[in-house]
2 protein chains.
Amino acid sequence: MLLLHLLQYFGIIYFNFNSKYQLSNLIRSNLILKDFQARAPESRCQLCAVNSICLPSGLSKDELCELENIMTTSKVVEKNTQLFNDGEKFHSLYIVHSGMFKNSSLDENGKERILRFSLPGEIMGLDGIHAESYQSTAIALTTSSYCKIPFNQLLDVSEDFPIIQRNLLKIMSKEIYSNKKTYIDLGSTAKLALFIFNISQRFKKRGYSEKEFYLPISQRDIANYLGMAEETLSRIFKKLQKLGAVNYKKHILTVVNQQQLKEIAQLSSPK
Amino acid sequence: MLLLHLLQYFGIIYFNFNSKYQLSNLIRSNLILKDFQARAPESRCQLCAVNSICLPSGLSKDELCELENIMTTSKVVEKNTQLFNDGEKFHSLYIVHSGMFKNSSLDENGKERILRFSLPGEIMGLDGIHAESYQSTAIALTTSSYCKIPFNQLLDVSEDFPIIQRNLLKIMSKEIYSNKKTYIDLGSTAKLALFIFNISQRFKKRGYSEKEFYLPISQRDIANYLGMAEETLSRIFKKLQKLGAVNYKKHILTVVNQQQLKEIAQLSSPK
DNA sequence: CGCGTGATTGATATATCTCAATAACGGTGG
DNA sequence: CCACCGTTATTGAGATATATCAATCACGCG
């Protein structure tokens, strides 16, 4: 706790000490040493851990400066905070800075449908551009932080700096591509194995361990996302552990045998 | 047949008379009166039936002209023609002008996975932008036609005409959004009903009948796309017909009771 | 007219859902 | 710090939807 006060004092990190649970939450969400709100503006993105895969990737210092001028960087929010809501007027893109968010919407029967989990460096709200209203809801799954970019200002800036437009197109293209990896014709075992494998690779890309990480998602939400019953998910988690592929305890996921996990994920359609 | 020759003579349509089956193919693919290859260049997009939902939507005459300068318009291809292949170097976007294409790729086991069916006005190849290589394969399901836009030239032109960039962003946003409508937690009956309903609405948007249309997709492909066995699909088609919701014979699909179809599509998850 | 592909039908196996009950956990207040 | 409560996860038994295998049928096309 003392350490945290010191870090805050020197402007390395910033948060409110209003709960005895915040420390563990911060550690879990990998916020520590990654939140530079107190730093000088011109270096915020440059110091960010995920800048290489984020919108500012490949930008010069000048371009970065223009971009940072219009954006709000690294706002910290508690678990369950909602950034935007399905149907609300679209105005800004939100980028995950740390932690994790879930994006969902309600189906015709009012049931929640989880569309994706967003990790640091990923842009949320892209689906709202065409309709000028958000098409999904973003909710923090753990203490998290985000950056916010007003979309119209982004368009203005990008007219002067085409590379920003290009990056945006690439990011959107990647998102369209990523829907390729659909879980539709996989059996439940392959679904879960693939989900874990994909998440693991995404963590790796962000500089976290691919072997062991804190997964702030409830099993209910995983089951919802993968389109299976909660009970089935529980059983299959157990199965994967028995097989020696992964370990999962109190939201700490360990990939024990990555090769095996990959093979299970590729099991052809025994639905 | 005489009528066709006359139409061609007056430059309204263009095609080769090299098969006695082409006439019916043309009618099926809605090519007639929609293929303006022989017209003056400055009017091609303006005369296109789907320009309002296509990339040129909202462009002025000047902007349209710039765009048409760099694109190849309305090339006719036979059934089974491949426009681009998964893994191939990315260079151009392809827009469906008439007919239908399927976009697919192979999974780890070499099995085909159909990702989407592309209708007139829809852009193919967007998933290739980020990797600079196509991430899927495009194959004509019937006699079809397409327009082709070299991507780098499109970027150049759009630097002068921001509205083109904006349209592109909107189109990509829409595609990201459309993945919301995932089939993952639906039962087979709801899946097929939703698929038919969606296709019907897409046809409607393009000026075709929403009640009756030619569907140039094999049941195998529909089953593949929806992630179910071919046999199941056949049975469910029969079931929907028995229920009086749709009729399907020789690739002619008739929506008999749209309200009922919609209700079946919304049946909550009895997988 | 016949061939090959695509579609249908039936019988059986199996994966997954559902319902119901119990267990473990995380957060709250005393 | 501990006991409590609501939420989240686990386990079991039974019901059901869908896959699979195999055979037949229909159709488009030469």
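Proteins get letters first, then strands, A, B, ... in listed order; numbering begins at 1 in each. The figures here come from the full heavy-atom set of this structure, side chains too, leaving out hydrogens, waters and symmetry mates.
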- Query: To the nearest angstrom, how far is B:L233 atom CG from D:dA17 atom P?
  - Reply: 17 Å
- Check the distance between C:dA15's P and A:Y183's OH and give it to me in whole angstrom. 21 Å
- Output yes when a side-chain donor or acceptor of B:H251 lies under 3.5 Å from a complementary backbone atom of B:L215, and no otherwise. yes
- Where the side chain of A:A229 is concerned, which of C:dT8, C:dC17, D:dT8 is the nearest nucleotide? C:dC17
- Comparing A:H251 and B:Y248 on DNA chain C - which has the more 5′ nearest nucleotide: B:Y248
- Message: So for B:R235 and D:dT20, does any side-chain atom that can act as donor or acceptor lie under 3.5 Å from a complementary atom in the base?
- Response: yes
- Kindly indicate whether the side chain of A:E231 and the base of C:dC17 share any N or O donor-acceptor pair separated by less than 3.5 Å? no
- Pair B:R116 + B:E175: basic N to acidic O under 4.0 Å: yes
- Check whether any side-chain nitrogen or oxygen of B:S188 sits under 4.0 Å from OP1 or OP2 of D:dA17, and answer yes or no. no
- Query: Once you round it to whole Å, what is the distance between C1' of C:dT8 and CZ of B:R220?
  - Reply: 13 Å
- Message: Could you check whether B:F101 and B:Y94 have their ring centres less than 6.0 Å apart?
- Response: no
- Separation of atom CG in B:L186 from atom C1' in C:dT16, rounded to whole Å: 16 Å
- Please state whether the phosphate of D:dA19, meaning OP1 or OP2, lies under 4.0 angstrom from any side-chain nitrogen or oxygen of B:T232. yes
- Item | Rounded distance in Å - CG (A:N224) to P (D:dA9) | 13 Å
- Query: Which heavy atom in B:V246 sits nearest to a heavy atom in B:L261, and how many Å separate them?
  - Reply: CG1-CD1, 3.8 Å
- Message: When you measure from the side-chain N and O atoms of B:K238 to the phosphate of C:dT9, is any distance below 4.0 Å, counting only OP1 and OP2?
- Response: yes
- Mind calculating the distance between CD1 (B:I184) and P (C:dT16) to the nearest angstrom? 12 Å
- Task: Report the distance from atom CD of A:E78 to atom C1' of C:dG26, rounded to the nearest whole Å.
- Result: 16 Å
- Item | Worked verdict on A:E112 versus A:R220 for salt bridge (Lys or Arg N to Asp or Glu O under 4.0 Å) | CA-CA 11 Å; A:E112 182 184 27; A:R220 181 183 316 241; over 6 Å; no
- Taken to the nearest whole Å, NZ/B:K242 to P/C:dT8 is 13 Å
